[in-house]
2 protein chains.
Amino acid sequence: MEEGSLNRAAARLRVSQPTLTRQLQAIEQELGAPLFERGSHGVLPTGLAHHLRESMTPVIGAYDRAWAELTAHAHGRQSQIRVGYLGLSAARFLTPVVGQFREIHPDVRLWLFDQTPGEQLQALRKGDLDLALIGQEGAMAGDDFYQQRVARIGVIAVLAAGHPLAEKDTISLSELSTEGFIVPAESAVPGRKLWIQQLCRKAGFSPQWVGETDSVTDTFARIAAEQAVSLLPDYLLQTAPPGITLMRLSDRCAFWDFTLLRQRGRLAPACRDLIRLIAETAKAS
Amino acid sequence: MEEGSLNRAAARLRVSQPTLTRQLQAIEQELGAPLFERGSHGVLPTGLAHHLRESMTPVIGAYDRAWAELTAHAHGRQSQIRVGYLGLSAARFLTPVVGQFREIHPDVRLWLFDQTPGEQLQALRKGDLDLALIGQEGAMAGDDFYQQRVARIGVIAVLAAGHPLAEKDTISLSELSTEGFIVPAESAVPGRKLWIQQLCRKAGFSPQWVGETDSVTDTFARIAAEQAVSLLPDYLLQTAPPGITLMRLSDRCAFWDFTLLRQRGRLAPACRDLIRLIAETAKAS
DNA sequence: GAGCGATTATACGTAATCCGCATAACCACG
DNA sequence: CGTGGTTATGCGGATTACGTATAATCGCTC
């Protein structure tokens, strides 16, 4: 259209004139109508040609931009990192890291999403997250993502404040063998029930389930109301609400693995730095 | 990504597995990073693959929609017709047609653009118009568009109300031979000056130019102020403002061709109907 | 531990595609 | 009626792309 002549257009496109003629014929045949009218003076665009240019120019632009973004990503120049985390773990593991990371990579946008482990896994599967910070329930993800243990932390028992065991100084897992356990729903925290089950098995008993909840707040409320118990990772130690007593388990074998899941594939430098910072912070604490 | 296996994906895409493997390798090489991690269990998508799907899905969707629209256009199923017209000619030639057309093609969107002939030509060249309704200045478009004379109408002289010739009953072109002519700028109405020049030549004289204007309103104002004259198509006969007298020329050879320009290429049925209606209306009036 | 079933990667021959050169056909203009 | 411009076409060669057959690998089961 700009040259008004297949000859000149072919020269500009670095192909021969017969080639361009045939390519044009192919498109016209596929469309079902001519794009140019030929004459001894050259070619004149039809309305269809104008229409094609108008509608395809933005498509090509969008493609080029997307491709540029993709190659940048492929070469490790990531413009954003999307991290999912469990709200209550952020204070200890994530908050201190954000500032340091921004200093190293001020041009990389850091998105933080407060999500349950179940939501994080779903987001990873959809490709909406690059990194997920969850407990060892990450094992439920199977081989779909890379896993890395960031820290191994203790376990605390959750008791109603008036519970007899709440009066003691220390508590061991076996003392909970006759209690009723409350666990979060499998959809919210996949694998948590299994984890408690295995812990109890090590302590020599099989836990008795008395209910499922949707959130930590809900867990606390029901434990206070129903005199039930549960087990949680110990970063929640300082967050006991009124009516709830949190006690660290004395069992050595009772631990909770803080796990980082990341999307498969090459690790961008920025992402590597972020993971390093998180791992260091977790180890130090 | 949906199948989790090159074998199953190849079957779905109706190609052989080696072919799909090589196509994937080609894209990965061009990107510079793998899209999948291979294993004996099948393939697992990397973060880059997720990114690619996220960014390319809308591009492909936009392409498909644009292509569908294009083939529809190519097969004559046009969803819109964009018509440029000269504001003052609409009442006589275009307004009556719009209603009739809407009855025949209620699903075709009719866009009407009030533009000077110069703007219309420019819009045609950009592909922003399908049809243009102008005077015989359309000849200036050269071979870029199809031309069709819609009607041949008379010419009127524009005189200041106090002008001596304004007192007469009839007027012929030769009586204007000593007057000063005002014409619209070439950019606004290309060819108008040439047309007047040729008319005067037929009448045996060469017109004397005293100024250029940007609009009909401006033309009227300057003619009233400067006692100049001009020539216009006679559909403006009823629109004389105070201080202006409009008189039909008695010369038989003085006429103005009302011309329809249309984009090159196949003529869609809806567009053909619209043109037919315009031509009939013009002929009847 | 051997074998089976599944996976992806590679080798190779063939078929199809695509390109450029040469040339034909056409037109406007002088 | 040639001449310089245009686009279209025939043809040979090089490249590409595909499918079949096969290799290499891995996990699972017996």
Side-chain angles (χ1 to χ4, degrees), chain A residues 1-50 52-53 60 67 74 125 138-147 263-266, chain B residues 1-50 52-53 60 67 74 125 138-147 263-266:
Chain A
M1 288 178 71
E2 289 168 10
E3 295 294 340
S5 146
L6 293 189
N7 264 314
R8 289 195 293 276
R12 204 166 119 178
L13 295 170
R14 317 292 188 105
V15 295
S16 72
Q17 171 265 317
T19 296
L20 192 57
T21 289
R22 277 188 290 254
Q23 288 177 346
L24 204 50
Q25 286 171 339
I27 302 178
E28 289 176 327
Q29 189 172 2
E30 199 168 350
L31 268 175
L35 286 168
F36 292 90
E37 296 199 341
R38 278 79 161 169
S40 61
H41 46 277
V43 291
L44 287 172
T46 66
L48 186 61
H50 281 119
L52 190 148
R53 177 160 76 167
I60 295 174
W67 184 262
R125 289 221 165 76
M140 305 302 289
D143 289 334
D144 288 353
F145 311 102
Y146 291 151
Q147 292 185 31
Q263 210 67 250
R264 299 187 80 89
R266 211 172 272 178
Chain B
M1 287 177 72
E2 289 169 10
E3 296 293 340
S5 145
L6 293 188
N7 264 313
R8 289 194 294 276
R12 206 166 117 179
L13 296 169
R14 317 293 189 104
V15 295
S16 71
Q17 171 265 317
T19 296
L20 192 56
T21 290
R22 277 188 294 253
Q23 287 177 347
L24 204 49
Q25 287 171 338
I27 303 178
E28 288 175 331
Q29 189 173 1
E30 199 169 347
L31 268 175
L35 287 169
F36 292 91
E37 297 200 338
R38 278 79 159 169
S40 60
H41 47 277
V43 290
L44 287 172
T46 65
L48 185 61
H50 281 119
L52 189 148
R53 177 160 77 168
I60 294 174
W67 185 262
R125 289 220 165 75
M140 304 305 287
D143 289 333
D144 287 354
F145 312 102
Y146 292 151
Q147 293 184 33
Q263 210 68 250
R264 299 189 81 88
R266 211 172 273 179

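Every value quoted in this text rests on a predicted model; they were computed, and no experiment measured them. Below, chains carry the letters A, B, ... as their sequence lines are ordered, and counting in each starts from 1.
Side-chain atoms of B:Arg22 and base atoms of D:dG19 include a donor and an acceptor less than 3.5 Å apart. The base of C:dA9 is paired with the side chain of B:Gln17 by a donor and an acceptor separated by under 3.5 Å.
In this structure, A:Ile27 places its CD1 atom 12 Å from P of C:dC18, rounding to the nearest Å. Distance CG (A:Leu24) to P (C:dC19): 13 Å, rounded to an integer number of Å. To the nearest angstrom, P of D:dG5 lies 16 Å from CD of A:Glu3. At whole-Å resolution of the value, CZ in B:Arg14 and P in D:dC18 are 16 Å apart. Between the CG atom of B:Leu20 and the P atom of D:dA17 there is a distance of 14 Å, rounded to whole Å.
Closest to the side chain of B:Leu6, from the set C:dA9, C:dT7, D:dA8, is C:dA9. Listed nucleotides: D:dG19, C:dG20, C:dT8. Nearest to the side chain of B:Val15: D:dG19. When each of D:dT7, C:dT10, D:dA8 is scored by its nearest atom to the side-chain atoms of B:Gln25, the top-ranked nucleotide is C:dT10.
Between B:Asn7 and C:dT8, a side-chain N or O to OP1/OP2 separation shorter than 4.0 Å is present. Between A:Arg38 and C:dC26 there is no side-chain polar atom (N or O) within less than 4.0 angstrom of OP1 or OP2. Contact annotation: B:Ser16 side-chain N/O to D:dG19 OP1/OP2 distance is under 4.0 Å. In this model, the phosphate group of D:dC18 is approached by a side-chain N or O of B:Gln23 to a distance below 4.0 Å at OP1 or OP2. When the side-chain nitrogen and oxygen atoms of B:Thr21 are compared with OP1 and OP2 of C:dA9, one or more of them lie within a distance under 4.0 Å. Contact annotation: A:Ser40 does not reach the phosphate of C:dC26 (side-chain N/O to OP1 or OP2, under 4.0 Å).
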Practice prompt. Decide salt bridge (charged side-chain N to carboxylate O under 4.0 Å, His left out) for B:Glu28 and B:Arg22; before the verdict, give the C-alpha distance in whole Å, the side-chain angles of both, and the deciding distance to 0.1 Å.
Written response: CA-CA 10 Å; B:Glu28 288 175 331; B:Arg22 277 188 294 253; over 6 Å; no

Item to complete: Take B:Arg12 and B:Glu2 through the salt bridge (charged side-chain N to carboxylate O under 4.0 Å, His left out) test and state the conclusion after the steps.
Response: CA-CA 11 Å; B:Arg12 206 166 117 179; B:Glu2 289 169 10; 2.6 Å; yes

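Using a 4.5 Å heavy-atom cutoff, the side chains of A:Leu48 and B:Arg266 are not in contact. Contact annotation: the side chain of A:Pro45 approaches that of A:His50 to within less than 4.5 Å [non-hydrogen atoms, C-beta and beyond].
With DNA chain D read from its 5' end, the first of the two nearest nucleotides for A:Gly42 and A:Pro18 is the one closest to A:Gly42.
B:Asp144 has a carboxylate O that lies under 4.0 Å from a charged side-chain N of B:Arg125, or vice versa, which qualifies the two as a salt bridge.
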